[in-house]
Amino acid sequence: MRQNSQITFLCKHEKTTIMIKIFTALIFIAAIGFPSGSSDAYVLEGNHILYRAVKKLKSRSNLSAKQILTIYENDFQETTAEFEETVNYNFPEQFRSDLLTGQTSKIHVFSKSETITIFNDTISSNPESGLDHYKDLLLFRDRSLLEERLALLGVDISISSLGRFENRIFYIVGAKYPDETQPQVWIEKETFLPARYLLIESSESGIDSIIEFRYLRWMKTEKTWYPMRVETYADEKLIRTIDINSIDTNPVFEKELFDIAHLQTVYPSVTPDLYDRDEADDLEEVQKSIEDFKKRFD
């Protein structure tokens, strides 16, 4: 009996040793396969990542927010100007922002792939700039519409990967981590909330710039999510921030608010002049000096 007990003990000990070795080996494999926040293991496909993100944000009602737009001028991140702005979302494909300060006004409307921008009651010849794209991940709460918009801006939906940023893990659609030279969207792995949106802008001089939007401090209001802060970077330099003051999740919009054809009958078109040349390339202006961007509101 004693001999049988010893054999049983040895067998159990041997099984335990084997299990420990297997567990150790698995930890080692995981460690070498995910050294810097990226892995070659199975990653969700881009369209499924976007589907989960859209599902997270989907709202049955529209949204209106009052926010403060702050523009920064130099490397010391000194505030150049602050503006009160109202943004309206008529999901899933209509957006309007209204900015009014002193004697200057700006209206920007996106409606079903059409855009218009009105400065000082005059229609600008440049209907949309690179800085207007921050709204994309917040507006298109329909996967097909979002995919269409991202593809138009160069995001390759067929590419996806895992990446790390500020000690958190993200799904990346449009690039293989750590490549940030391609248009891409970062979705937080645990929450499926959008975190980063990188786009490539080409200037008339042929120099490409990377514009990045970061969506921070997400808050759930009623049955929808919205970031309470959005930061915009040009070539890793902070150039502006948006901070939300209040959110209305049940606004009632008049149809004419997003009617571009109607707006074109109300406001005259601008004639080419120095002002329009300043509008020609928003990112080139940022590269040269944020002051040029500020001039729009002076």
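Given the structure is predicted, the values throughout are model-derived calculations rather than measurements. Starting from 1, each residue takes its place in the sequence as its number.
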Nearest 0.5 Å, please: how far is [atom2] in [Y] from [atom1] in [X]?
X: Tyr171; Y: Trp186; atom1: OH; atom2: CH2; value: 14.0 Å
X: Phe119; Y: Asn126; atom1: CZ; atom2: CG; value: 8.5 Å
X: Lys223; Y: Ser61; atom1: NZ; atom2: OG; value: 9.0 Å
X: Ile247; Y: Leu63; atom1: CD1; atom2: CG; value: 5.5 Å
X: Arg229; Y: Ile242; atom1: CZ; atom2: CD1; value: 10.0 Å
X: Leu138; Y: Tyr197; atom1: CG; atom2: OH; value: 10.5 Å

Item checked: Stepwise side chain to side chain contact (heavy atoms under 4.5 Å, CB included) test for Leu162 and Lys189 -> CA-CA 9 Å; Leu162 282 175; Lys189 186 175 183 293; 4.1 Å; yes
Note to self: Quick one, Gln67 with Val87, criterion side chain to side chain contact (heavy atoms under 4.5 Å, CB included). Give me CA distance, side-chain angles, the key distance, then yes/no.
What the structure shows: CA-CA 8 Å; Gln67 58 194 34; Val87 292; 3.5 Å; yes
Item checked: Cation-pi check, Lys56 onto Phe192 ring (under 6.0 Å, within 45° of axis) -> no
Margin query: Could you check whether Arg240 makes a cation-pi contact with Tyr72, meaning its NZ or CZ is under 6.0 Å from the centre of the six-membered ring and within 45° of the ring axis?
Written below: no
Tell me whether [X] is salt-bridged to [Y], with the criterion being a basic N under 4.0 Å from an acidic carboxylate O.
X: Glu180; Y: Arg196; answer: yes
X: Arg149; Y: Glu128; answer: yes
X: Glu114; Y: Lys112; answer: no

Are the side chains of [Y] and [X] in contact, using a 4.5 Å heavy-atom criterion?
X: Ser105; Y: Asn120; value: yes
X: Asp243; Y: Arg217; value: yes
X: Asp136; Y: Leu153; value: yes
X: Ile123; Y: Gln264; value: yes
X: Leu50; Y: Glu147; value: yes
X: Leu193; Y: Trp225; value: yes
X: Leu137; Y: Tyr215; value: yes
X: Leu139; Y: Leu145; value: no

Margin query: Take a 6.0 Å sphere around OH of Tyr51 and say whether it holds more than 12 heavy atoms from other residues, nucleotides or ligands.
Written below: no
Check: Picking from Asp235, Leu131, Ile200, what satisfies side-chain contact (heavy atoms from CB on, under 4.5 Å) with Ile211?
Finding: Leu131
So, [X] side chain and [Y] main chain: donor-acceptor pair closer than 3.5 Å or not?
X: Asp248; Y: Ser64; result: no
X: Arg168; Y: Glu188; result: no
X: Trp218; Y: Pro194; result: yes
X: Thr241; Y: Glu231; result: no
X: Asn62; Y: Phe91; result: yes
X: Asp179; Y: Lys176; result: no

Is there a chain of hydrophobic side chains (I, L, V, M, F, W, Y, each step under 4.5 Å between heavy atoms) that links [X] to [Y]?
X: Ile159; Y: Val43; result: no
X: Val266; Y: Ile260; result: yes
X: Leu152; Y: Leu198; result: no
X: Ile244; Y: Ile68; result: no
X: Leu44; Y: Leu57; result: yes

Check: Looking at the rings of Tyr89 and Tyr226, which for Trp means the six-membered one, are their centres under 6.0 Å apart?
Finding: yes
Margin query: Test side chain to side chain contact (heavy atoms under 4.5 Å, CB included) on Val230 and Arg214; report intermediate values, then the result.
Written below: CA-CA 6 Å; Val230 179; Arg214 296 182 188 177; over 6 Å; no
Margin query: Using the rule given for ring-ring contact (aromatic ring centres under 6.0 Å, His included), can you reason through Phe110 versus Phe140, listing the C-alpha separation, both sets of side-chain angles and the distance that settles it, and then say yes or no?
Written below: CA-CA 11 Å; Phe110 177 94; Phe140 297 106; 5.6 Å; yes
Exercise: identify the closest heavy-atom pair between [X] and [Y]:
X: Phe213; Y: Leu199; result: CE1-CD1, 4.4 Å
X: His108; Y: Pro127; result: CE1-O, 3.3 Å
X: Thr232; Y: Leu238; result: O-CD1, 3.5 Å
X: Ser269; Y: Thr122; result: C-CG2, 3.9 Å
X: Leu263; Y: Ile116; result: CD1-CG2, 4.1 Å
X: Asn47; Y: Arg143; result: O-CD, 3.4 Å

Checklist line | Asp208 vs Ser202, side chain to side chain donor-acceptor pair (under 3.5 Å): CA-CA, chis, key distance, verdict | finding: CA-CA 4 Å; Asp208 290 342; Ser202 298; 2.7 Å; yes
Checklist line | Distance-only donor-acceptor check, side chains Arg141 and Thr224, under 3.5 Å | finding: yes
Item checked: Distance-only side-chain donor-acceptor flag, Ser160 / Glu45, under 3.5 Å -> no
Checklist line | Residues Ile107, Arg96; criterion side chain to side chain contact (heavy atoms under 4.5 Å, CB included); working and verdict | finding: CA-CA 7 Å; Ile107 300 172; Arg96 172 167 171 151; 3.6 Å; yes
Next item on the list: Please step through side chain to side chain donor-acceptor pair (under 3.5 Å) for the pair Ser111 and Gln94, ending with a clear verdict.
Entry: CA-CA 4 Å; Ser111 180; Gln94 289 185 313; 2.8 Å; yes
